[in-house]
Protein chains: 2
Amino acid sequence: MGGSGKPTISDVASLAGVSVSAVSKVVNGKSGISTATRERVLAAAAKLRWTPSATAVALRAARTRALGMVLRRGPGLPGTDPPFTLLVDGIERELTPRGYGLLLHVVGGEQGAEEAAYRRLAEEGRVDGVLLTGSRVGDTRFALLRDLGLPAVLVGTPWDDDPIPSVRATHPDRGIRQAVEHLLRHGHRRIAYLCGPGSRVHTHHRKRVFKEVLGENGFVPSPSVVDGDFTPAGAAVGVADLLAGPRPTAILFADDSMAVAGLSAARRLGVDVPRELSVIGHDDLPLSELVHPRLTTVRQDLVGLGQAAARVLLAALGEVEDAPVRVNPPELVIRESTGPAR
Amino acid sequence: MGGSGKPTISDVASLAGVSVSAVSKVVNGKSGISTATRERVLAAAAKLRWTPSATAVALRAARTRALGMVLRRGPGLPGTDPPFTLLVDGIERELTPRGYGLLLHVVGGEQGAEEAAYRRLAEEGRVDGVLLTGSRVGDTRFALLRDLGLPAVLVGTPWDDDPIPSVRATHPDRGIRQAVEHLLRHGHRRIAYLCGPGSRVHTHHRKRVFKEVLGENGFVPSPSVVDGDFTPAGAAVGVADLLAGPRPTAILFADDSMAVAGLSAARRLGVDVPRELSVIGHDDLPLSELVHPRLTTVRQDLVGLGQAAARVLLAALGEVEDAPVRVNPPELVIRESTGPAR
DNA sequence: GTGAAAGCGCTAACAG
DNA sequence: CTGTTAGCGCTTTCAC
């Protein structure tokens, strides 16, 4: 009834002088409604600014039209990692037009907090599916989600052969390959790879590609891979170590933050980039263009990845036909931090 | 019924051999339940891994236990601004323990997209309230939300005297004050302020504080404030201009990204920081420690701000008693990018 | 073409 | 103390 609260379908119905089921059919585009009725309903709905209650629809349909994401913050991790922002951008591009929402949960690093978050999402039925990022070595999330019956899609490469649906760029190796070849072409022979945390799947993947490409070109890569467990902060230490020994002429970093830290470390040690040392990052965050020298880096199509992941999940939920979103392959963006080997 | 679907309250009731209302009372901690019954119910619920359906509860209570946030991306804005990440961290610290969710909506810069997002949130009844950030000059969001009847809390300073509830640090001016005084103490006399986009309220606020502090110390600040409309990318240009004229010995930047861009610009022009030029940022993003020289910057308690905002909104919704979260005042973090005037 | 009525999973009166 | 029942706002058979 009138006055204060939000209007309901019956308010619209009485204003239009029809039954509630007529209103329902109209808003859901069902057939069996005369044009006259349809218009009266539409007019009434517009006048009342009425839209079906998401909760009521959700209860009825046993579908919330919301997807979930749980992010683990710290320890040591910088809140949420920066690529996250671009990913969400892509995800939302698929969700918003379809009236889906994205429910975010940031959890602490405490044991079990993450699992509890997924459990709650599933048991309370708050979302229809979840998106996963930051694939981990020995990742237990897939098994958990399967157990909970929550549809899930991973952005990235699954650990081992977890049968979890996942999305990846076409030619996922292309960027690193280009990076190494770029370096080789510039005469670099001692190239080091400073990898990220060993707990992340992409760390191993990228390291492997790095070695492969070097191998194909007749170089023994092993001594050049620094098997650390590097965060941005740790990267500085890694660089210092590297520069102390038989000095590489180029370093590839696992991500842009590490590369920026590496840039600073080099500078601090009086090593000029790119004259004495070439540096390559990974991701092409906005940051890469802000530093000096501007960072040569492997660009990832984070937005495309987010979009693709959302589509695949939506498709699994029967919301969308198929999922042919093209994710651009990673590509090397050459800026100022690389140059010829001296 | 058994088998496949999610268990419902009646599954629990029959398993425990009681009525559904008994189960309801138990999970909601109502009185009038014998200990024996309570335990049988709890056991049954645990066995079935049952938790009340969030949707059903929401429909019943006309409360979703979810808060919303709509973020405007671009044009020109870097996806989502970095401080956002810390803010969300703080927000979730209040929401998660209370079973509240955070619904995120990222919208494009197109005219009306933002308003449409709020409208949908309100009309579909997807959230109980919204959190606002990035207070804008002539901000229309408050009026809109008021119109929509959606409770809202702003993180930051409202434009003009919008009566929107908002949260701020205690002593909001302290950080900038400390920054200017730090510079003055080191003999700087020509200090410039490179401000952010004029559309943001904090731009004007910070600029005003900057002038005030300088004025209190007997300096005429006007020529030193660069009235641009600076993004991180634009900051480089601003710095170049500044360094071309009667050169300042120190520059304060509206945020850390701009400061980093400024650092690079200075370096590109052969100006040494901090020897020839001191640089101060704002926010203390993780980035500030990664660059060289490490950035002296005004730290903001973003996590505290997020927490406080969430609490105020939760309080307005009657979910929590009062909202006495203390937000630490901004404070200057002195690192390497500042030094004595030469 | 249209409307009446059942029911999604839950909570809150109200009886017993 | 415990169970029965009426809806919350919507969609969907199923009669008319």
Side-chain angles (χ1 to χ4, degrees), chain A residues 1-2 4-42 44-45 48-65 99 120 122-128, chain B residues 1-2 4-42 44-45 48-65 99 120 122-128:
Chain A
M1 324 263 154
S4 44
K6 255 192 275 260
T8 77
I9 193 173
S10 38
D11 294 326
V12 177
S14 35
L15 178 57
V18 299
S19 72
V20 293
S21 57
V23 177
S24 176
K25 280 170 191 152
V26 169
V27 298
N28 292 298
K30 304 292 187 198
S31 60
I33 292 288
S34 71
T35 314
T37 304
R38 151 165 289 105
E39 288 180 351
R40 315 235 324 276
V41 167
L42 258 18
L48 260 30
R49 290 195 169 296
W50 174 83
T51 302
S53 148
T55 341
V57 171
L59 181 58
R60 187 69 247 266
R63 278 294 180 82
T64 58
R65 300 185 77 83
R120 237 165 65 175
E123 286 167 9
E124 295 186 348
R126 268 194 186 259
V127 297
D128 298 334
Chain B
M1 328 249 151
S4 44
K6 253 191 278 257
T8 75
I9 192 172
S10 36
D11 295 326
V12 177
S14 35
L15 178 59
V18 298
S19 72
V20 293
S21 61
V23 177
S24 175
K25 281 174 188 146
V26 169
V27 298
N28 292 297
K30 304 292 185 195
S31 61
I33 292 288
S34 71
T35 314
T37 304
R38 149 165 290 106
E39 288 180 352
R40 314 239 318 281
V41 167
L42 257 17
L48 260 29
R49 291 193 169 297
W50 174 84
T51 302
S53 149
T55 344
V57 172
L59 182 59
R60 186 73 248 266
R63 277 296 181 83
T64 59
R65 300 185 79 84
R120 236 163 68 175
E123 286 166 9
E124 295 186 348
R126 269 197 185 258
V127 298
D128 298 335

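First the proteins, then the strands, lettered A, B, ... as listed; each starts at 1. Being a predicted model, the structure only gives us computed values, none of them experimental.
- Using a 4.0 Å heavy-atom distance criterion, B:Ser34 is classed as a sugar-phosphate-only contact.
- Note on the helix from C:dG1-D:dC16 to C:dG16-D:dC1: terminal axis deviation equals 50°, with five pairs used at each end and the result rounded to 10°.
- B:Leu59 comes within 4.0 angstrom of a nucleotide base, judged by non-hydrogen atoms across all strands.
- For the side-chain contact (heavy atoms from CB on, under 4.5 Å) criterion with B:Val12, the lone passing option out of B:Val27, B:Val20, B:Val23 is B:Val23.
- Of all nucleotides in DNA chain D, those with any atom nearer than 4.0 Å to a heavy atom of chain B start and finish, going 5' to 3', at D:dC1 to D:dG9.
- Between the side chain of A:Ser14 and the backbone N or O of A:Ser10 there is at least one donor-acceptor pair closer than 3.5 Å.
- Look at CZ on A:Arg40: it is 13 Å from C1' on C:dG1, rounded to the nearest Å.
- Side-chain atoms of A:Lys25 come within donor-acceptor range of the base of C:dG3, with a qualifying N/O pair under 3.5 Å.
- How far CD1 of A:Ile33 is from OG of A:Ser24: 9.0 Å, rounded to the nearest 0.5 Å.
- Scanning both residues, A:Asp11 and A:Thr8, for their nearest heavy atoms gives OD2-N, 2.8 Å.
- Rounded to whole Å, the distance from CZ on B:Arg60 to C1' on C:dG7 is 15 Å.
- Toward the 5′ end of DNA chain D lies the nearest nucleotide of B:Ser19, the other residue of the pair B:Ser19 and A:Pro52 mapping further downstream.
- The OG1 atom of B:Thr55 sits 13.5 Å away from the CZ atom of A:Arg60 when rounded to the nearest 0.5 Å.
- Rounded to a whole Å, the NZ atom of B:Lys30 is 9 Å from the C1' atom of C:dT11.
- A donor-acceptor distance shorter than 3.5 angstrom exists from the side chain of A:Thr64 to the backbone of A:Arg126, with no hydrogens or angles considered.
- Interatomic distance, OG1 of A:Thr51 versus NZ of A:Lys6, reported as 10.0 Å (0.5 Å rounding).
- Residue B:Arg65 contributes atom CZ, which lies 17 Å from atom C1' of C:dG9 at whole-angstrom precision.
- For C:dG3, its base sits under 3.5 Å from the side chain of A:Ser21 at one donor and acceptor pair at least.
- Between the side chain of A:Ser19 and the main chain of A:Ala22, a donor-acceptor pair closer than 3.5 Å is present.
- The backbone N or O of A:Arg38 sits nowhere less than 3.5 Å from a side-chain atom of A:Lys25 that would complete a donor-acceptor pair.
- A:Thr37 comes within 4.0 angstrom of sugar-phosphate atoms only, judged by non-hydrogen atoms across all strands, and of no base.
- Rounding to whole angstrom units, NZ of residue B:Lys6 and P of C:dG9 are separated by 10 Å.
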